[in-house]
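Report on one structure; see the data block that follows.
First the proteins, then the strands, lettered A, B, ... as listed; each starts at 1.
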Amino acid sequence: MASEEGAKSLNFLEEIITKDLENGVVKKVITRFPPEPNGYLHIGHAKSICLNFGLAKQFGGECNLRFDDTNPAKEETEYVESIMEDVKWLGFEWANLRYASDYFDQFHKWAIDLIKAGKAYVDDQSADEIRLKRGTLTKPGEDSPHRNRSIEENLDLFMRMTNGEFEEGSRVLRAKIDMSSSNLNMRDPVIYRILKRSHHRTGDKWCVYPMYDFAHGYEDAIEGVTHSICTLEFQDHRPLYDWFIENVDVPHVPHQYEFARLNLTYTLMSKRKLLELVTTGIVSGWDDPRMPTICGFRRRGYTPESIRRFCKEIGVAKADSLVDVELLQHCLREELNKTAQRGMAVLRPLKVVLENWPEGFVDELEAENNPEDAGAGSRKIRIGKEIYIERDDFMEEPVKGFFRLAPDKEVRLKYAYIIKCNDVVKDENGEVVELRCTVDMDSRGGDAPDGRKIKGTLHWAWAGEAVRARVNLYGHLFTLRNMNDMEEGKDYKDYLDPNSLVVIEDALVEPILASAKPMDRFQFLRHGYFCADYESSPERPVFNLTVSLKDSWGKQNK
RNA sequence: UGGGGUAUGGUGCAACGGCAGCACGCCUGACUCUGGAUCAGGUAAUCUAGGUUCAAAUCCUGGUACCCCAGCCA
C-alpha cells in the first residue's frame, strides 16, 4: 500500500476539508488569514499563511486577507502595510482584502439582538470586580449583580455606552452564558468595551469596540469562511465561537479548527518580545537580518520559495513542536545552490606574493558562474603578482587533515594556478602578514601538467582589482535552543548571543560582486550565500550572510 | 486541583487493526578545481501498565508527562 503512487497522506486539515467536500457540507472552501495589525509578520505567521492560502488553492477555493482590527489601542496603519507587503512577497494573492472594522455596524446590530434575546447584559462592575467574581480554575464564578437587568434597561445602557455617555472601563456588555462553566471562556465573557480611541480606519465613529471572541466568528460568518483555522490556544474558545454564531441569525455557519503554532530552535516568536527587541535597539529594526520576521528574512536574503518549501516540509499537526532551524536553512541552501551566482570573496585577507610571476603580467581566466547551472555561463577573472587568500586557509604548522596552504605545501587557486608556499613573513609580534609563494606557470587553469593531484583549492582575490567590502556575518540571535525553556528567573535578554552579528569591514571581493545591486544573491565560494544589502553600492559594497555553506572541516575542528 | 489538548528515532511529519516510513540532523564511503554539491550506505522511535485480537503505534481501561485557559489582548 505504501508503494502505491499518489497515495500520499493528507494532514488532518486536508482530511477534514476532503470529507466536507465529499459530503457536500461545503461547496467551496473559503479560508482567511486574520492578522491583528499590531506588529510585523514572522515565520510563524508564514506557516499560517501557507496553510490558509495553500489549502484554499489546493481545493479550488479562496482565501481572504482580513485584518482583525478590533482594538484601536494597539493597531496601526504601518503594520497593515507591512503585512500586505509580506503576504505578497511570500507569493500569495488574497481573494478579498477585508477588515474586521468593515463589519462594526453589523456586529453592533448582533449585539443588540443578543440583548433583545436576553442573552447579553450591561455590567457596571469594574474590571477588577469582574476578575474577582470570575472564579478560578477550580471554583465557579459568581453572577454579577447586574446580570438580571431588564432588556429595556440593557438596551438603553448599551446605546448610551455607544453614544459615549460613560467613561472607559465603567461598563461593559457581557454575554449571559454560565458563570459556573468549567470553561472560563464561557463565564459571561465581555463582548463590548468602551474605548475612546481613534481607530485607524473608523476614526472617532465608535466609543465601543467588540472583543475578539465576539467578533471573530461573525467575521467568518459574513465572509462565508468554511474553515476558520487558528492556533491551539483557541481550542477553549471554540464553544464560545459556536455560541455566538448559534445565538444570532448569521448568513453562514463557519467552523473553527486549530493547529500547533510553529516554534523554531534559537528563535523567539513572541510578537511582544520582538517589538521590545526593536524598541530597545537590541536589533536595528523589524527587518534586522537576525529577526525571524518575514522582512528580516527578506533582508537576510531568504527567498519566498524556500520559506514556502519549509512550511510544506514541517507539516501541520496538533502536537506542540520545536522545529530545527537547520531544516529552514536546508530548504534555502537547496534553492540557492541551484540559482546563486558564484563569486570569490576573501573575508579575512592574507597577502600572498607570487615571487616568480612575471613582473607586470596580468592573466585573464575563465570562471564558472554556477557549476550547478550550465546555462549560467562563465566570466573572466584576472590575476597578477599580488593576491590575497583567506587567513584560515594557511597554517604555519598544519594539523592533521589540513590540506590547505602551509610551508612547502601546494595548493590550487580556484580557476587559476597551483602555488607553493616558500616563505612566511611575520611582523614584530610574530604574526603572519605575508606569504611568499611560487607559481607553477604551467598549471594555468588549475590543472597540473604532470597530472599530480592537488587536494586543496582556495578562493582568492587579485590585489589589482579586488574591492573592499563590508560583510555582515549573522548568526542566531539567541544561545538557547528552546526559547520556551528559559531558566526560572531569567529573561530572554539573558540569552542574547553577543556574536549574532560580526562585522567585517575589510573583506576583498571580486569585481562581479562589487557591482551587485541591492538584494542580489550570491554564493561566496567556500563560504556561503550572501546578498547585497539595501545599503550596498559599487563604491562601498555591503553584504549580508544569508546562510553559510555546510562545512565538514569546520565542524570537525570545533 | 476544574476544563481543553498532545504523546512515534536527536528534530518535524506519516503509517487510519496486517513487515513502523519520509525529511532534516548525525556517521561512513565514493566522487569532486568549492572540505560545497552529487552519489551510495549507516545510525536511531511507537510515554507507561494492563486488556481485546491470529495480529495493536492504531481499539478498550488505568496511570504518567507536557502544553493551553482565571485580559475590558488577539
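- A:Leu322 comes within 4.0 angstrom of sugar-phosphate atoms only, judged by non-hydrogen atoms across all strands, and of no base.
- Within 3.5 Å, no donor on the side chain of A:Arg238 pairs with an acceptor on the base of B:G4, nor the reverse.
- Note on A:Thr136: a base of the nucleic acid sits closer than 4.0 angstrom, heavy atoms only.
- Across all strands shown, A:Asn484 has no heavy atoms under 4.0 Å from either base or sugar-phosphate atoms.
- Taking the C1' atom of each, B:C16 and B:G2 are spaced 32 Å apart, rounded to whole Å.
- Using a 4.0 Å heavy-atom criterion, one finds that A:Glu334 contacts no nucleic acid atom at all.
- Annotation: side chain of A:Tyr218 is not in contact with side chain of A:Tyr103 (no heavy-atom distance under 4.5 Å).
- Base engagement by A:Pro371 is indicated by at least one non-hydrogen atom pair under 4.0 Å involving a base atom.
- Only the C1' atoms considered, B:A74 is 49 Å distant from B:A55, to the nearest whole Å.
- With B:U6, B:G36, B:G35 as the candidates, the nucleotide lying closest to the side chain of A:Leu549 is B:G36.
- The gap from the C1' atom of B:C13 to that of B:A45 amounts to 13 Å, rounded to the nearest Å.
- Under 3.5 Å, the side chain of A:Glu258 and the base of B:G4 form no donor-acceptor pair of N or O atoms.
- Counting only N and O atoms by type, the side chains of A:His527 and A:Glu390 include a donor and acceptor under 3.5 Å apart.
- Sequence order on RNA chain B of the closest nucleotides to A:Tyr192 and A:Lys338 puts A:Lys338 first from the 5' end.
- The A:Asn337 side chain lies nearest to B:A37 when the options are B:C69, B:C24, B:A37.
- Comparing B:G9 with B:C31, their P atoms are spaced 37 Å from each other, to the whole Å.
- With hydrogens and angles ignored, no donor-acceptor pair closer than 3.5 Å exists between the side chain of A:Asp551 and the base of B:G35.
- B:G63 shows a glycosidic angle more than 90° from 0 and is accordingly assigned anti.
- Residue contacts shown for A:Arg481 are limited to sugar-phosphate atoms, with no base heavy atom under 4.0 Å away.
- Base pairing of B:C19: no nucleotide in any strand meets the Watson-Crick or G-U wobble criterion (both distances under 3.5 Å).
- In this structure, A:Phe402 reaches the bases: a heavy-atom distance under 4.0 Å links it to at least one base atom across the strands shown.
- Residue A:Val190 has its side chain nearest to B:C72 when only B:G25, B:C72, B:A37 are considered.
- Ring-to-base geometry does not place A:Tyr212 in a stacked arrangement with B:A74 (centre distance under 5.5 Å, plane angle under 30° required).
- As rounded to the nearest Å, B:A65 and B:A20 have P atoms that lie 30 Å from one another.
- Across the C1' atoms, B:U43 and B:A49 are found 30 Å apart, a figure rounded to whole Å.
- The separation of B:G18 from B:A30, taken at their C1' atoms, amounts to 39 Å, rounded to a whole angstrom.
- Both A:Gln125 and A:Glu313 lie close to RNA chain B; mapped to their nearest nucleotides by heavy-atom distance, the more 5′-ward contact belongs to A:Glu313.
- A:Ala127 comes within 4.0 angstrom of a nucleotide base, judged by non-hydrogen atoms across all strands.
- Side-chain N/O atoms of A:Asp324 and base N/O atoms of B:G10 include a donor-acceptor pair closer than 3.5 Å.
- In this structure, A:Lys555 reaches the B:C26 phosphate: one of its side-chain N or O atoms is under 4.0 Å from OP1 or OP2.
- For A:Phe530 and A:Phe522, the ring centers are positioned 6.0 Å apart or more.
- Aromatic ring centres of A:His108 and A:Phe158 lie closer together than 6.0 Å.
- In this structure, A:His330 reaches the B:C24 phosphate: one of its side-chain N or O atoms is under 4.0 Å from OP1 or OP2.
- At B:G4, none of the side-chain N or O atoms of A:Ser182 fall inside 4.0 Å of OP1 or OP2 (strictly under the cut-off).
- Outside the 6.0 Å centre-distance limit, the rings of A:Tyr302 and A:Phe310 are not counted as a close aromatic pair.
- Of the nucleotides present, none pairs with B:A44 by Watson-Crick or G-U wobble criteria with both distances under 3.5 Å.
- Across all strands, A:His216 comes closer than 4.0 Å to no nucleic acid atom at all (heavy-atom distances).
- Side chain of A:Met211, nearest nucleotide from B:U34, B:G2, B:C72: B:C72.
- Contact annotation: the side chain of A:Arg171 never approaches that of A:Arg160 to less than 4.5 Å [non-hydrogen atoms, C-beta and beyond].
- In this structure, the nucleotide among B:U1, B:A74, B:C26 sitting nearest to the side chain of A:Lys550 is B:C26.
- Taking only distance into account, the side chain of A:Glu372 never meets the base of B:U38 through a donor-acceptor pair shorter than 3.5 Å.
- Side-chain proximity of A:Arg193 to the nucleotides B:C68, B:G2, B:C72 is greatest for B:C72.
- Counting any heavy atom pair closer than 4.0 Å across all strands shown, A:Thr70 reaches sugar-phosphate atoms only and no base atom.
- If you check every strand for non-hydrogen atoms under 4.0 Å, A:Ile314 touches sugar and phosphate atoms only.
- Across all strands shown, B:U38 pairs with B:A30; the Watson-Crick or G-U wobble distances both stay below 3.5 Å.
- For the OP1/OP2 pair of B:C72 and a distance below 4.0 Å, the side-chain nitrogens and oxygens of A:Arg197 include no atom meeting the criterion.
- Considering only the side chain of A:His237, B:A74 comes nearest among B:G25, B:A74, B:A37.
- The closest side-chain donor-acceptor pair between A:Arg412 and A:Thr457 falls under 3.5 angstrom.
- Comparing the P positions of B:C26 and B:G10 gives an interatomic distance of 16 Å, to the nearest angstrom.
- Taking atom CZ of residue A:Arg526 and atom P of nucleotide B:U32, one finds them 18 Å apart after rounding to whole Å.
- Among the heavy atoms of the strands lying under 4.0 Å from A:Phe403 is at least one base atom, whether or not backbone atoms are also near.
- Of the N and O atoms on the side chains of A:Tyr79 and A:Glu36, not one donor lies less than 3.5 Å from an acceptor on the other residue.
- At the heavy-atom level, A:Arg134 lies under 4.0 Å from the strands shown only through sugar-phosphate atoms.
- A:Tyr212 and A:His216 have their aromatic ring centers within a separation under 6.0 angstrom.
- Contact between the side-chain N/O atoms of A:Arg131 and the OP1/OP2 oxygens of B:C72 is not found at any separation under 4.0 Å.
- As judged by a 4.0 angstrom heavy-atom cut-off over every strand, A:Arg187 is placed among residues making no nucleic acid contact.
- Taking the side chain as every heavy atom from C-beta outward, A:Tyr241 and A:Asn185 never approach each other to under 4.5 Å.
- For A:Gln329 against B:C24, a side-chain-to-base donor-acceptor contact under 3.5 Å is absent.
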